[in-house]
*Asks:* 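Let me give you the structure first, and then I'll get to my questions.
The sequence lines fix the lettering, A, B, ..., with proteins before strands; numbering per chain opens at 1. For the numbers below, each heavy atom of this structure counts, side chains included, while hydrogens, waters and symmetry mates do not.
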Amino acid sequence: MAPRYEPQEIEAKWQRVWEDEQAFHAPNPVPGAPTPENHWYQLEMLPYPSGPSLHVGHVLNYTMGDVQTHVRRRSGWHVVRPMGWDAFGLPAENAAIREGGHPREIVARNIELIRAQMKRLGWAIDWEREVSSDDPRFYRWTQWLFLKFWENDLAYRKEAPVNWCPKDQTVVANEYVVDGRCERCGTPVELRQMTQWFFRTTAYAQELLEYDLPEDGAWLERTKTIQRNWIGRSEGAEILFRVEEAGEDIAVFTTRADTLFGATFFVLAPEHPFVEAHASEEAKEYARHAGARPVEERAAETKKTGVFTGLHAVNPINGEKLPIWVADYVLMDYGTGAIMAVPAHDERDGEFAEEFVLPAKVVIDEDGKLVNSGGFDGLPAAEGAREIVAALEQERRGRATVSYRLRDWSFSRQRYWGCPIPVIYCERCGAVPVPEDELPVLLPEVEDYAPKGKAPLAGNEEWMRVDCPKCGGEAQREPDTMDTFVDSSWYFLRYIDSDNDEAPFDRFVVDYWLPVDQYIGGIDHATGHLLYSRFFVKAMNDWGMLGFREPFARVFHQGWVTLGGSKMSKTRGNLEGPDELVERYGADAVRLYILFMGPADQNMEWTPDGVEGIVRFLRRLWRVVHEVADAAPSPGSGEGALARKANETIARVTDDVLRRFQFHTPISAVMELVKELGGAVDAPDARFAAETAVSLIQPYAPHVAEELWGVLGYERLWEAPWPEADESQLVRETFELVVQVNGKVRDRFEADAELTEEELVALARESERVRSYLDGSEPRKTIVVPRKLVNFVI
RNA sequence: GCCGGGGUGGCGGAACUGGUCAGACGCGCCCGACUUAAAAUCGGGUGGCCCUCGGGCCAUGCGGGUUCGAGUCCCGCCCCCGGCACCA
């Protein structure tokens with residue numbers, strides 16, 4: 001009789017062993033010493049410790065990473081799999097405000113609790129590399145990196161319209177405004193003119209479109225599409241229009257240079273500097289009002305609005321004088337903020353022309369060829385565009401160019417709980433960097449850190465007052481803090497060298513481990529975190545800090561876990577933690593269940609109902625392995641029906657996890673194996689099958705697998721080599737021959753795998769059932785698929 | 001509108017390069033064993049319709065096509081999910 005399966009005891013026992021041994025610590029390579037070539041960096045997006053518990057979505061995410069980790073480790077890879085905390089930022093700060101404590105304390109408490117949960121789930125994490133973004137030893141280097149960006153003109157300060165969240169009382173980056181609302185709290189954002197710090201992400205717009213991946217790297221098409229759309233590259237031309245009244249040129253951007261002869265008027269965005277400089281009073285008045293409104297609001301207007309400026313622009317291709325209007329359907333931050341209007345071939349220009357009774361001129365006919373376009377008539381549109389741009393280029397009035405939709409990343413935040421921006425403002429010297437040896441600028445205590453529309457750090461006057469590092473005169477600190485996405489843009493580099501106090505990281509070790517071999521996290525970060533991290537790495541590569549240009553070789557997005565139909569999230573308050581289930585059924589059952597629920601990349605509704613099936617499977621596995629240990633001889637035989645099934649299971653599980661990144665089907669495969677084994681525990685090959693089943697389930701259920709490994713007489717399964725399928729066992733001596741008549745299966749029977757095509761046909765024709773369908777007639781055609789089927793066509 | 005991903009039983013889903021009556025594995029449901037009984041456990045059944053119990057027909061969003069053979073390939077629709085969108 002097998003002892004009872006007591007997951008709580010078993011799990012506590014093995015977790016203690018792994019902890020004592022630091023079983024999942026992966027040492028860094030040392031220069032000059034031999035290093036394992038086969039290395040693997042397994043990374044999952046780090047959690048916000050804004051609440052006291054993980055939710056089941058996290059459990060899915062980290063268990064997937066865990067399965068990868070175990071399989072890779074046991075397959076001979078040197079695997080690093082770190083963990084840390086995205087501790088700074090709004091989520092944690094808002095939680096602290098809600099609960100009425102200091103963010104530092106709330107975050108520290110949450111980290112304790114979540115770390116304990118992670119250990120309780122038995123994840124194979126290298127805890128020696130743990131980092132937290134609110135630790136001065138970490139954010140010192142966040143500040144250092146900021147200074148590098150500034151020094152390299154990739155960070156700058158400017159006054160610009162920015163998204164302001166009235167609830168969170170801070171600026172929000174474009175990337176985290178979703179449908180005009182703050183991604184964090186769902187409040188509609190407002191447009192505010194503010195002086196802010198920006199990262200010049202646009203400098204890398206083109207490179208961010210090109211995935212500079214290692215040979216075997218792969219990003220999902222889905223993710224690349226989202227990023228591509230976000231970056232929004234359009235090829236077109238910049239064309240100069242002369243405004244004689246002002247003695248100036250204005251540039252327009254167009255993707256339709258082929259329609260240049262069709263331009264009948266000209267439009268400036270309200271914010272275009274030319275308006276304030278030269279336009280009529282009426283036009284200026286309109287521009288002041290219109291420019292203050294957010295784009296979504298402008299777009300929602302049913303009628304186009306605008307005012308004539310009193311000025312004219314000369315079309316460089318034909319010398320026509322076009323009236324210049326100012327209208328809010330033209331946006332300052334795309335292209336040049338000015339357009340040539342072609343009402344016949346652009347819907348919006350058409351609407352505007354209709355509203356203000358302006359002429360339209362058709363220049364492309366139904367066949368897509370240029371008409372009314374002087375010497376360019378008859379050219380197909382694409383060619384016409386090229387020719388026209390070429391002609392303008394001769395006159396230095398135009399050139400082919402590319403425009404992007406991507407904007408620079410605004411990253412200064414008017415909140416307390418973040419990394420201080422190490423800048424000092426001096427009346428005489430302007431903005432001055434805090435000298436490197438004075439880093440970190442520690443986040444000071446403030447009396448009141450509640451959001452109030454301006455930076456809470458400004459409230460600490462003693463901290464704010466500082467001597468200018470350049471001239472020694474009176475100066476003030478920058479009171480804004482950094483967006484938490486700055487921290488997460490490089491944390492994966494710090495993991496690799498988290499004890500380094502001389503530099504953010506050492507290039508040698510980072511170049512060894514990175515790019516991250518497998519990154520797992522939510523697709524909601526496709527245009528934010530994932531893009532920012534790529535930007536950071538490209539910049540650091542340009543400065544020679546590291547030797548690669550992409551941070552993540554492979555990216556996988558788990559689906560959301562939904563509850564009541566909507567994504568689990570703190571804002572919705574529909575969180576479900578794993579604790580109750582873990583307590584009841586153990587970590588192994590929860591880990592298996594969450595992965596068994598469905599394909600990991602699809603959304604799934606959380607229901608604990610099916611966990612019973614997994615518990616039944618674990619109990620069966622427990623019982624069957626004990627029975628085998630009692631009944632079947634050791635070492636036993638590696639041949640027979642069970643052994644073959646076991647080998648097939650090895651091949652399936654390995655391929656699914658490593659190549660297909662599919663986690664639910666391996667569980668089915670092992671279930672099948674265990675079921676078959678249960679009916680033949682005293683077979684000579686039962687022991688081999690039992691060992692295989694235990695070994696294959698270890699990445700999913702490491703505790704029970706370890707215990708059963710012991711029952712089978714072995715030790716340290718977490719270090720045991722991953723099983724390899726015996727190829728000779730996969731090749732069957734016989735196979736089930738399917739015989740079809742007209743494509744319909746009429747008979748099936750075992751046949752020797754060595755038979756030739758002729759022999760198979762002969763065999764098939766002997767079948768009684770087939771004969772009755774053939775009805776004595778000769779098949780018109782016979783198709784033979786070796787080792788599969790014979791099909792008679794009559 | 002443009003770009004990307006999907007549509008298979010009561011449910012989650014499997015079928016990886018066109019080839020084993022499509023539906024693995026699990027949930028749920030039904031039947032049985034054990035039990036005084038229930039739970040637990042174990043065994044069996046479970047796409048639909050028809051049936052003379054041999055089997056037959058229909059089925060992978062809809063309509064066509066290619067092929068000896070299509071969930072898988074091609075063409076045309078419909079629907080769902082995600083991204084972008086007054087972006088010139």
Side-chain angles (χ1 to χ4, degrees), chain A residues 178 220-234 236 252-257 259 267 269 295-296 298-301 304 327-331 333-342 345-349 351-352 403-406 523-524 526-527 557 559 592-593 596-599 601-605 607 609-617 619-620 623 652 655-656 659-660 662 664-675 678-679 735-749 779-794:
Chain A
V178 180
L220 294 174
E221 209 43 56
R222 222 161 94 233
T223 321
K224 289 203 276 190
T225 303
I226 293 172
Q227 294 198 342
R228 216 178 288 126
N229 289 341
W230 184 258
I231 295 165
R233 177 193 158 102
S234 345
V252 303
F253 173 75
T254 179
T255 54
R256 296 294 308 276
T259 64
V267 189
V295 180
E296 288 84 10
R298 295 197 207 172
E301 292 287 322
K304 294 267 178 293
D328 70 357
Y329 79 95
V330 175
L331 310 174
D333 55 2
Y334 184 75
T336 63
I339 62 154
M340 60 178 211
V342 185
H345 303 290
D346 182 281
E347 211 179 311
R348 296 145 306 175
D349 297 346
E351 282 171 29
F352 192 84
S403 194
Y404 299 91
R405 191 196 154 277
L406 182 73
I523 196 165
D524 43 338
T527 58
H557 304 290
L592 272 168
Y593 179 57
F596 189 61
M597 275 178 43
D601 58 351
Q602 272 174 43
N603 298 349
M604 43 188 128
E605 172 71 10
T607 149
D609 295 346
V611 74
E612 299 285 349
I614 287 294
V615 174
R616 254 173 238 150
F617 161 68
R619 290 202 191 118
R620 169 185 281 156
R623 192 188 66 232
R652 269 175 74 185
D655 190 54
D656 281 354
R659 183 180 64 87
R660 299 178 70 200
Q662 189 165 288
H664 58 145
T665 42
I667 303 174
S668 309
V670 177
M671 281 174 170
E672 279 181 53
L673 175 60
V674 173
K675 205 179 204 177
F735 70 100
E736 195 177 14
L737 176 68
V738 172
V739 187
Q740 298 178 327
V741 178
N742 283 347
K744 289 205 191 283
V745 178
R746 293 308 180 190
D747 201 2
R748 52 178 65 216
F749 45 82
R780 191 160 54 85
K781 195 173 175 187
T782 303
I783 284 114
V784 184
V785 182
R787 291 172 171 274
K788 283 216 169 92
L789 56 80
V790 174
N791 185 12
F792 296 113
V793 185
I794 54 170

*Asks:* Mind checking what makes salt bridge (charged side-chain N to carboxylate O under 4.0 Å, His left out) contact with A:R652, not counting sequence neighbours?
*Replies:*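 So A:R652 forms a salt bridge (charged side-chain N to carboxylate O under 4.0 Å, His left out) with A:E672.
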*Asks:* Look at all strands and tell whether A:V252 reaches a base, only sugar-phosphate, or nothing, counting heavy atoms closer than 4.0 Å.
*Replies:*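 Counting heavy atoms under 4.0 Å across all strands, no contact is made by A:V252.
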*Asks:* For A:H557, enumerate each residue passing the side chain to side chain contact (heavy atoms under 4.5 Å, CB included) test, keeping only those at least two apart in sequence or located in another chain.
*Replies:*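 Expected list: A:L220, A:R222, A:T223, A:I523, A:L530, A:V555.
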*Asks:* Which nucleotide wins on minimum distance to the side chain of A:L331, given the candidates B:A88, B:C68, B:A15?
*Replies:*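 Of the options given, the side chain of A:L331 lies nearest B:A88.
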*Asks:* What N/O pairs connect the protein and nucleotides 54-60 of chain B at under 3.5 Å? Give each pair on its own line.
*Replies:*
residue: B:G56; atom: OP1; partner: A:R746; partner atom: NH1; Å: 3.2
residue: B:G56; atom: OP1; partner: A:Y773; partner atom: OH; Å: 2.9

*Asks:* Take atom C1' in B:G76 and the same atom in B:C81, then report the distance between them in whole Å.
*Replies:*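 My reading of the C1' atoms in B:G76 and B:C81 gives 22 Å.
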*Asks:* Base, backbone or nothing for each nucleotide of nucleotides 1-11 of chain B, written B, S, -, heavy atoms under 4.0 angstrom, 5' to 3'?
*Replies:* --BS-------
*Asks:* Of all residues at least two apart in sequence or in a different chain, which pass the side chain to side chain donor-acceptor pair (under 3.5 Å) check with A:Y329?
*Replies:*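 For A:Y329, the residues satisfying side chain to side chain donor-acceptor pair (under 3.5 Å) (neighbours in sequence not counted) are A:D349.
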*Asks:* Can you tell me if the side-chain N/O atoms of A:H664 get under 4.0 Å from OP1 or OP2 in B:G13?
*Replies:*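 The answer is no; no side-chain N or O of A:H664 sits under 4.0 Å from OP1 or OP2.
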*Asks:* Does a side-chain N or O from A:K675 land closer than 4.0 Å to OP1 or OP2 of B:G26, or not?
*Replies:*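 Checking B:G26 against A:K675, a side-chain N or O does come within under 4.0 Å of OP1 or OP2.
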*Asks:* Starting at the 5' end of RNA chain B, what dot-bracket string do you get if Watson-Crick and G-U pairs under 3.5 Å are bracketed, crossing pairs use [ ], other-strand pairs use | and unpaired bases use dots?
*Replies:* (((((((..(((......[.....)))((((((.......))))))((((....))))..(((((..]....))))))))))))....
*Asks:* Considering all heavy atoms of both residues, which atom of A:S403 and which atom of A:F253 are nearest to each other, and what is their separation?
*Replies:*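 Heavy atoms only, the tightest pair is CB-CZ, 3.3 Å.
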*Asks:* Is the phosphate of B:A24, meaning OP1 or OP2, less than 4.0 Å from a side-chain N or O of A:T665?
*Replies:*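 No, because none of the side-chain N or O atoms of A:T665 sits under 4.0 Å from OP1 or OP2 of B:A24.
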*Asks:* Mind checking what makes side chain to side chain donor-acceptor pair (under 3.5 Å) contact with A:R405, not counting sequence neighbours?
*Replies:*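 A:R405: no side chain to side chain donor-acceptor pair (under 3.5 Å) contacts found.
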*Asks:* Report the residues that fulfil salt bridge (charged side-chain N to carboxylate O under 4.0 Å, His left out) with A:E351, sequence neighbours left out, ordered by chain and then residue number.
*Replies:*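 Residues passing salt bridge (charged side-chain N to carboxylate O under 4.0 Å, His left out) with A:E351: A:K304.
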*Asks:* How far apart are the closest heavy atoms of A:F352 and A:A327, and which atoms are they?
*Replies:*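 Smallest interatomic distance, heavy atoms only, reads CE1-CB, 3.6 Å.
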*Asks:* Of all residues at least two apart in sequence or in a different chain, which pass the salt bridge (charged side-chain N to carboxylate O under 4.0 Å, His left out) check with A:D333?
*Replies:*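 A:D333 satisfies salt bridge (charged side-chain N to carboxylate O under 4.0 Å, His left out) with A:R407 once adjacent residues are dropped.
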*Asks:* Where do N or O atoms of nucleotides 39-42 of chain B meet protein N or O atoms at under 3.5 Å, pair by pair?
*Replies:*
residue: B:U41; atom: OP1; partner: A:R619; partner atom: NH1; Å: 3.3

*Asks:* Among residues at least two apart in sequence or on other chains, which ones pass salt bridge (charged side-chain N to carboxylate O under 4.0 Å, His left out) with A:R660?
*Replies:*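 Result, salt bridge (charged side-chain N to carboxylate O under 4.0 Å, His left out) vs A:R660: A:D656.
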*Asks:* Provide the distance between the two P atoms, one in B:G23 and one in B:G71, to the nearest whole Å.
*Replies:*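 Their P atoms lie roughly 12 Å apart.
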*Asks:* For A:D333 and B:A88, what is the distance between atoms CG and C1' respectively, to the nearest whole Å?
*Replies:*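 My rounded result for the distance is 13 Å.
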*Asks:* Between B:G83 atom P and A:D524 atom CG, what is the distance in whole Å?
*Replies:*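 Whole-Å distance recorded here is 10 Å.
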*Asks:* Using every non-hydrogen atom in the two residues, find where A:W230 and A:T527 come nearest and quote the distance to one decimal.
*Replies:*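 The pair with the smallest heavy-atom distance is CB-CG2, 3.5 Å.
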*Asks:* In whole Å, what is the span from the CG atom of A:N791 to the P atom of B:C21?
*Replies:*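 Rounding to the nearest Å, CG of A:N791 and P of B:C21 are 14 Å apart.
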*Asks:* Mind checking what makes side chain to side chain donor-acceptor pair (under 3.5 Å) contact with A:D346, not counting sequence neighbours?
*Replies:*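 A:D346: side chain to side chain donor-acceptor pair (under 3.5 Å) contacts with A:R348.
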*Asks:* For B:G13, does OP1 or OP2 lie under 4.0 Å from any side-chain N or O of A:Q602?
*Replies:*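 Yes.
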